[in-house]
Amino acid sequence: MSVRVRFAPSPTGNLHVGSARTAIFNWLFARHHGGTFVLRIEDTDQERNRPEYTRSILDGMRWLGLDWDEGPEAGGDHGPYFQSERLPLYREALARLRREGRAYPCFCSPERLEAVRQEQLAAKANPRYDGTCRSLSAAEAQARIDAGERYALRIRIEHDEPVTWEDRGKGTITFAPEMLDDLVIAKSDGFPTYNFAVVVDDVGMAITHVIRGEDHISNTPKQILIYRALGAPLPEFAHIPMILGADRSKMSKRHGATSVVEYEKAGFLAEAFFNFMTLLGWSPPDDSREIYSQQELTDLFTLDRVVAHGAIFDAEKLKWMNLQYIKALPPDDLYRRSMPFLEAIPGFPGPYGPAALRELAGLFRERMNTLAEITRHAEYFFQEPEAYDEKGLKNALKTPDLPAVVEALAARLAAVDPFAHDPIEAAVRAVAEGRGIGAGKVIHPARLALSGRTEGPGLFELMAVLGRDRCVARLRAFLDRRPWESIQS
RNA sequence: GGCGCUAUCGUCUAGGGGUUAGGACGCCGCCCUCUCACGGCGGUAACCGGGGUUCGAAUCCCCGUAGCGCUACCA
């Protein structure tokens, strides 16, 4: 039997980092086994669902390269793939269970249920349904229904043995029978409860492996009971560890960016993000590498190498990994993918054509952890520097006769042709030599005059991109402004 | 409160009856160098505690502790 797994997000927000990891493991498992990856949208919560989030989740998955074989916009033989369209299926299953006597109406009021719960809690007991309506006769139940009483549907648990299963992520898990009760499977408004809908869907979609976050462990015995009532075969369960914030609690807003789209906007590469997420709670057999392509990960992925404990999301390591991917980008790709962040620079595109912009992006390849950083790094290519770094000015004063050196450089550069790296370097070094000073004594003030900064790309390649006229003009502007005079050494 | 899951460097992890407990991020130092960054080299740093089993336990078992999760007619 071929593998069928599913990812079942609720459209109550953008694709969450934790959900994305669950989706990734499911996808990896399906692709590794040549199985089917199903996407199902659990949109039954009328209050919190927003249709635009479905769109956003789909986009997030596509960004990560997680293609689904069945689901929204993909079709399939096991639909519909929105829970909101599966109501008839749930009703049918519910009716069948009632007919078979495996489910019964419960007329207990929420108030009474709550009171019982409080009582049990006070007695330090595990709260569970007291079975009031369990033994109502069919006739009596029908009478109350006919009288218009509101009722929920509960499943009738027949056995008193522990529920246990071999979890593919956690090993043997057992729940004592006292922990289980006749749970509600249909609310008084006729809608199925979460646990019931999930099981009906997973059965209907022929899911063979349920891979999900460990926060679902305590739902599992309930669901197993529902599988049994339905007479359906059990899938394999694999509960995977959670992704945590820096304080080891469930990742939430206060831990920083929690949705995938935020990482996309921040200039992370999808392939880096994917790689990083995969290594959170899973490791390849050869532990000595960190960088793996999606294909390699697909080949290597097995559930038995998933760890059992939660993992803190370390944004620092993500940045490092992103840099590794940025460094490996072919020049054209780097340029193309940097474009949205270049466009955000005031003054873009200035006088630069595609070739120059491509060069420009290349200057920052090894200097940015995220593509978004280029926005700040490259500012001075599109605007004159407004101020000069103070430490840089102090340092520039160590160059003897600074104005003369800068003027000499400007004059010399004006005659460089072609205005390219090597001739520029020759010119700069000639100026230094001509005045009997070290090259650094020219280079550092020049960078300061050109960019206002003390750090950045190599001076010669920077100049080549900036162009002769702008270089000369900025050097002369520096001389006109005489910013070093305001510095007290 | 009850139940469940978990426990190796600060973080992600490998390993798993006998190892100098390995790798990666971070941090520190050195080298490279026109700055920054990249890169190279080196360093820092861990088996939660207590019992038991065993010739030998970080590894297996039990207890404790701690963290997290779940405890709905939410999903």
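Chain letters run A, B, ... following the sequence lines, proteins first and then strands; every chain starts at 1. All values below come from the heavy atoms of this structure, side chains included, with hydrogens, waters and symmetry mates left out.
Closest to the side chain of A:Phe175, out of B:C12, B:G4, B:C34, is B:G4. Here the nucleotide nearest the side chain of A:Lys250, chosen from B:G69, B:C34, B:C73, is B:G69. Nearest to the side-chain atoms of A:Leu323 among the listed nucleotides B:C38, B:G23, B:C5 stands B:C38. The side chain of A:Asp215 lies closest to B:G69 when the candidates are B:A24, B:U11, B:G69. Checking B:G23, B:A14, B:A75 against the side-chain heavy atoms of A:Thr193 singles out B:A75 as nearest. Closest to the A:Ser188 side chain, of the nucleotides B:C73, B:C25, B:C5, is B:C73. For A:Glu455, counting side-chain heavy atoms from C-beta on, the closest listed nucleotide (B:A24, B:G2, B:U35) is B:U35. Checking B:C25, B:G4, B:G69 against the side-chain heavy atoms of A:Asp314 singles out B:C25 as nearest. Nearest to the side-chain atoms of A:Arg429 among the listed nucleotides B:C12, B:G23, B:C34 stands B:C34. Checking B:U6, B:G1, B:C25 against the side-chain heavy atoms of A:Pro127 singles out B:G1 as nearest.
At whole-Å resolution of the value, CD in A:Gln118 and C1' in B:G2 are 13 Å apart. Residue A:Leu244 contributes atom CG, which lies 19 Å from atom P of B:A66 at whole-angstrom precision. Rounded to whole Å, atom C1' of B:G4 lies 14 Å from atom CD of A:Glu178. Put simply, CE on A:Met251 is 13 Å from P on B:C12, counting in whole angstrom units. In this structure, CZ of A:Arg117 is placed 11 Å from P of B:C74, rounded to the nearest angstrom. A:Ile312 has its CD1 atom 11 Å from the P atom of B:U8, to the nearest Å. Atom C1' of nucleotide B:C38 and atom CG of A:Leu363 are separated by 14 Å, given to the nearest angstrom. Between the CH2 atom of A:Trp165 and the C1' atom of B:C5 there is a distance of 10 Å, given to the nearest Å.
Between A:Ser218 and the phosphate of B:G69, there is no side-chain N or O to OP1/OP2 separation shorter than 4.0 Å. At B:G39, one or more side-chain N or O atoms of A:Gln324 fall inside 4.0 Å of OP1 or OP2 (strictly under the cut-off). In this structure, A:His309 reaches the B:U13 phosphate: one of its side-chain N or O atoms is under 4.0 Å from OP1 or OP2. The phosphate of B:A75 (OP1 or OP2) has no side-chain N or O of A:Arg40 nearer than 4.0 angstrom. Within the 4.0 Å cut-off from OP1 or OP2 of B:G39, at least one side-chain nitrogen or oxygen of A:Lys327 is found. The phosphate of B:C74 (OP1 or OP2) has a side-chain N or O of A:Lys187 nearer than 4.0 angstrom. Contact annotation: A:Arg367 side-chain N/O to B:C38 OP1/OP2 distance is not under 4.0 Å. Phosphate proximity of B:A72 to A:Arg154: absent, as no side-chain N or O sits under 4.0 Å from OP1 or OP2.
Taking atom P on both B:A14 and B:G51, the two are 28 Å apart, rounded to the nearest angstrom. Annotation: B:G1 and B:U8 have their P atoms spaced 25 Å apart (nearest Å). Separation of the C1' atoms belonging to B:C47 and B:U20 is 15 Å when rounded to the nearest angstrom.
Using a 4.0 Å heavy-atom distance criterion, A:Arg48 is classed as a base contact. Contacts of A:Gly392 with the nucleic acid, taken as non-hydrogen atoms under 4.0 Å apart, are absent. Among the protein residues, A:Lys441 comes within range of no part of the nucleic acid, since none of its heavy atoms lies under 4.0 Å from any strand. Among the protein residues, A:Leu279 comes within range of the sugar-phosphate backbone only, with heavy atoms under 4.0 Å from sugar or phosphate atoms but none that close to a base. The residue A:Pro457 sits close to a base: some heavy atom pair falls under 4.0 Å. Nucleic acid contact class of A:Asn219 (heavy atoms, under 4.0 Å, all strands): base. Within 4.0 Å of A:Thr12, counting heavy atoms only, lies no atom of the nucleic acid at all. A:Leu280 comes within 4.0 angstrom of the backbone, heavy atoms only, and of no base. As judged by a 4.0 angstrom heavy-atom cut-off over every strand, A:Ser288 is placed among residues touching the sugar-phosphate backbone only. Heavy atoms of A:Arg305 sit under 4.0 angstrom from primed sugar atoms or phosphate atoms, though from no base atom.
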For salt bridge (Lys or Arg N to Asp or Glu O under 4.0 Å), just list the numbers for A:Arg376 and A:Glu379, CA-CA rounded to whole Å, side-chain angles, deciding distance to a tenth of an Å, and then say yes or no.
CA-CA 5 Å; A:Arg376 298 222 75 83; A:Glu379 269 176 337; 3.3 Å; yes

Would you check, one step at a time, whether the test salt bridge (Lys or Arg N to Asp or Glu O under 4.0 Å) holds for A:Glu296 with A:Arg289?
CA-CA 12 Å; A:Glu296 288 176 304; A:Arg289 281 172 61 198; 3.0 Å; yes

Worked verdict on A:Arg453 versus A:Glu390 for salt bridge (Lys or Arg N to Asp or Glu O under 4.0 Å)
CA-CA 9 Å; A:Arg453 304 185 188 189; A:Glu390 202 164 313; over 6 Å; no

Checking A:Glu42 against A:Arg40 for the side chain to side chain contact (heavy atoms under 4.5 Å, CB included) test, could you report, in this order, the C-alpha distance in whole Å, the side-chain angles of both residues, the deciding distance, and whether it holds?
CA-CA 6 Å; A:Glu42 305 206 328; A:Arg40 176 173 79 226; 3.0 Å; yes

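Closest-nucleotide positions on RNA chain B for A:Ala311 and A:Lys124 were compared, and the one nearer the 5' end corresponds to A:Lys124. Taking for each of A:Asn126 and A:Met242 the nucleotide of RNA chain B with the nearest heavy atom, the 5'-most of the two is the partner of A:Asn126.
A:Phe82 does not carry A:Arg86 over the face of its six-membered ring by the limits of under 6.0 Å from the centre and within 45° of the normal. In this structure, A:Arg154 forms a cation-pi arrangement with A:Tyr129, its terminal cationic atom sitting closer than 6.0 Å to the ring centre and no more than 45° off the ring axis. Both tests pass for A:Arg144 against the ring of A:Phe107: distance under 6.0 Å to the centre and angle within 45° of the axis.
Among A:Tyr263, A:Phe268, A:Tyr325, the one residue that satisfies the ring-ring contact (aromatic ring centres under 6.0 Å, His included) test with A:Phe273 is A:Tyr263.
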